[in-house]
Amino acid sequence: MNETIGMVLVVTGLVFDFFGCLGLVRFPDVYNRLQASAKCITLGTCGILLGLICFKGFGATSVKAFLCLVFIILTAPVSAHALARAAYRSGVKPWSGTVEDEYSKDMDGIK
Amino acid sequence: MIKNVIMFMIWYMVWIFLSWPPEPKDIIVGAVVSLFVILMTADMMDRCDSKADIIRLPVRLAWFACYALVFIWECLKANVDVAYRVIRPDLPIRPGTIKVKVDLKSDAGLTFLANSVTLTPGTTTVDLDAGKGFLYVHMLVLKRDGRSIKAIGRFQKILKRIFE
C-alpha cells in the first residue's frame with residue numbers, strides 16, 4: 001500500500017518536473033522561465049521526496065528526506081526572488097508580449 | 001537566554017536527525033556547530049516576546065495549520081494550470097509585473113507572504129517596498145479583472161492573524 005502511494009507520488013513529481021523543464025525551454029524571457037523553474041519545486045521535487053518518505057517508511061532516510069523538503073521550501077523562493085530582482089536591476093528587458101510592467105517605472109524609487 | 005537554549009536544542013536536533021544514526025563524532029561536532037550558529041545569530045533572535053505572545057501561541061499555530069492547507073490547495077491549482085499552459089502548443093500566457101498593496105507590517109509576515117507568492121507557480125515576487133507597502137509581483141497570466149491577486153489577498157488575511 002505504502003509502496004503504491006510512494007510510486008504515484010514519485011511519478012507525479014517526475015511528470016511535473018518534466019513540465020517545468022519544458023516550460024524552461026518554451027517560455028520567452030528570463031522572468032517567465034523563472035516561473036517554470038519555480039514550478040518544479042512545489043509539486044515536482046516535493047512530490048518525489050514525499051514519495052520517497054512513503055516508500056521507505058519511518059527511518060533514517062525519511063527523516064533526511066523530510067529535512068531536505070523543509071530546506072528546499074525555505075531556500076528555493078529566495079533564490080528565485082533574487083534572480084528576478086537582479087535581472088530587472090541589470091536591465092534585462094521583459095518579453096515584447098508583456099502586458100503590464102509597473103516595476104520598471106518604480107524601480108529607482110526603491111532602495 | 002532561554003530562547004537561545006531552545007534554539008540550540010532545535011539546531012542540535014536537526015544535526016542529529018541529519019546524521020541519523022548518530023555516532024559519537026556526530027554528537028560532538030553537532031554540539032560545536034550548533035553553539036557556533038547560536039553565537040552568530042543570538043542578536044537576531046533577541047527580540048524578546050512578552051507574556052501575551054506566549055498565550056497567543058496555540059492560536060497562531062492553529063492559524064498556521066490553516067494557512068498550510070490553503071497554501072497547498074492554491075499550489076496544486078496553480079501547478080495544474082501552469083502545466084496546462086506549458087503543454088498547449090500556442091502557449092497562452094499574458095505575463096506582466098504588477099504592484100499589489102499589502103498591509104502586513106512585521107518582517108516575518110512580509111517574508112512569509114513573499115516566499116509563498118514565489119512558491120506558488122505562476123507568480124514570483126520581484127521586489128518589496130516596505131515603506132509604502134507594495135509587493136511587486138511578476139505573473140505568468142495577468143487576468144484583466146484583478147482575479148489574479150485573489151490568492152495573495154487570501155494568504156494575507158491568514159498571515160495577519162499569525163504575525164500581527
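- Hydrophobic clustering (side-chain heavy atoms under 4.5 Å, transitive across Ile, Leu, Val, Met, Phe, Trp, Tyr) groups Ile152(B) together with Leu110(B).
- Every pair passing ring pair (Phe, Tyr, Trp, His ring centres under 6.0 Å) that includes a residue from residues 101-121 of chain B is listed here, sequence neighbours excluded: Phe64(B)-Phe112(B), Phe112(B)-Phe163(B).
- Of all heavy-atom pairs spanning Leu119(B) and Thr42(A), the tightest one is O-CG2, 3.1 Å.
- No side-chain heavy atom of Thr125(B) sits less than 4.5 Å from a side-chain heavy atom of Arg85(A).
- When the side chains of ILVMFWY residues are joined at heavy-atom separations under 4.5 Å, either directly or via intervening members, Phe19(A) and Leu24(A) end up in two distinct hydrophobic clusters.
- Contacts between residues 70-84 of chain B and chain A, defined by a heavy-atom separation under 4.5 Å, are made by Cys75(B), Leu76(B), Asn79(B), Val80(B), Val82(B), Ala83(B).
- A search for side chain to side chain donor-acceptor pair (under 3.5 Å) contacts involving Thr123(B) returns nothing, not counting sequence neighbours.
- Grouping the Ile, Leu, Val, Met, Phe, Trp and Tyr side chains by contacts below 4.5 angstrom, directly or via other members, places Val8(A) apart from Val11(A).
- Between Ala80(A) and Thr118(B), the closest heavy-atom pair is CB-CG2, 3.7 Å.
- The heavy-atom pair separating Leu91(B) from Pro28(A) by the smallest distance is CD2-CD, 4.5 Å.
- Contacts between Phe17(B) and chain A at a heavy-atom distance below 4.5 Å involve backbone atoms as well as side-chain atoms.
- Between the NE2 atom in His138(B) and the CG atom in Asn32(A) there is a gap of 4.5 Å [rounded to 0.5 Å].
- Side-chain contact between Trp95(A) and Ile93(B) is present, with at least one heavy-atom pair separated by less than 4.5 Å.
- Each of Gly122(B), Pro95(B), Gly96(B), Ala114(B) has some count of heavy-atom pairs under 4.5 Å with chain A, and the biggest count is that of Pro95(B).
- At a threshold of 4.5 Å between non-hydrogen side-chain atoms, the residues Asp127(B) and Tyr88(A) do not count as touching.
- In this structure Lys64(A) satisfies the salt bridge (Lys or Arg N to Asp or Glu O under 4.0 Å) test with no other residue, sequence neighbours excluded.
- Highest contact tally toward chain A, considering only Lys132(B), Lys99(B), Met139(B), is held by Lys99(B) [criterion: heavy-atom pairs under 4.5 Å].
- Using modelled atom types and a 3.5 Å distance limit, the side chains of Thr97(B) and Tyr31(A) yield no donor-acceptor pair.
- Of the listed residues Val137(B), Thr120(B), Val117(B), Asp129(B), the one with more heavy-atom pairs under 4.5 angstrom with chain A than any other is Asp129(B).
- Within 6.0 Å of NZ on Lys157(B) lie no more than 12 heavy atoms contributed by other residues, nucleotides or ligands.
- Of all the heavy atoms in Gln35(A) and Thr124(B), the pair that sits closest is OE1-OG1, 3.0 Å.
- Interface remark: of the candidates Gly44(A), Ala84(A), Ala60(A), Ala60(A) forms the most heavy-atom pairs closer than 4.5 Å to chain B.
- Under the 4.5 Å side-chain heavy-atom criterion for ILVMFWY residues, a single connected hydrophobic cluster contains both Ile16(B) and Val29(B).
- Counting non-hydrogen atoms of neighbouring residues, nucleotides and ligands closer than 6.0 angstrom, the CZ atom of Phe66(A) reaches no more than 12 such neighbours.
- Of the two parts of Leu83(A), neither the backbone nor the side chain holds a non-hydrogen atom closer than 4.5 Å to a non-hydrogen atom of chain B.
- Of the atoms belonging to Leu142(B), it is side-chain heavy atoms, and not backbone ones, that fall under 4.5 Å from chain A.
- In Arg94(B), the CZ atom is crowded: over 12 heavy atoms of neighbouring residues, nucleotides or ligands sit closer than 6.0 Å.
- Hydrophobic clustering of Ile, Leu, Val, Met, Phe, Trp and Tyr side chains at less than 4.5 Å, counting indirect connections, keeps Phe155(B) apart from Val141(B).
- Of the listed residues Val78(A), Val70(A), Leu34(A), Leu67(A), the one with more heavy-atom pairs under 4.5 angstrom with chain B than any other is Leu67(A).
- Most heavy-atom pairs under 4.5 Å with chain B: of the set Val63(A), Asp29(A), Leu43(A), this distinction falls to Leu43(A).
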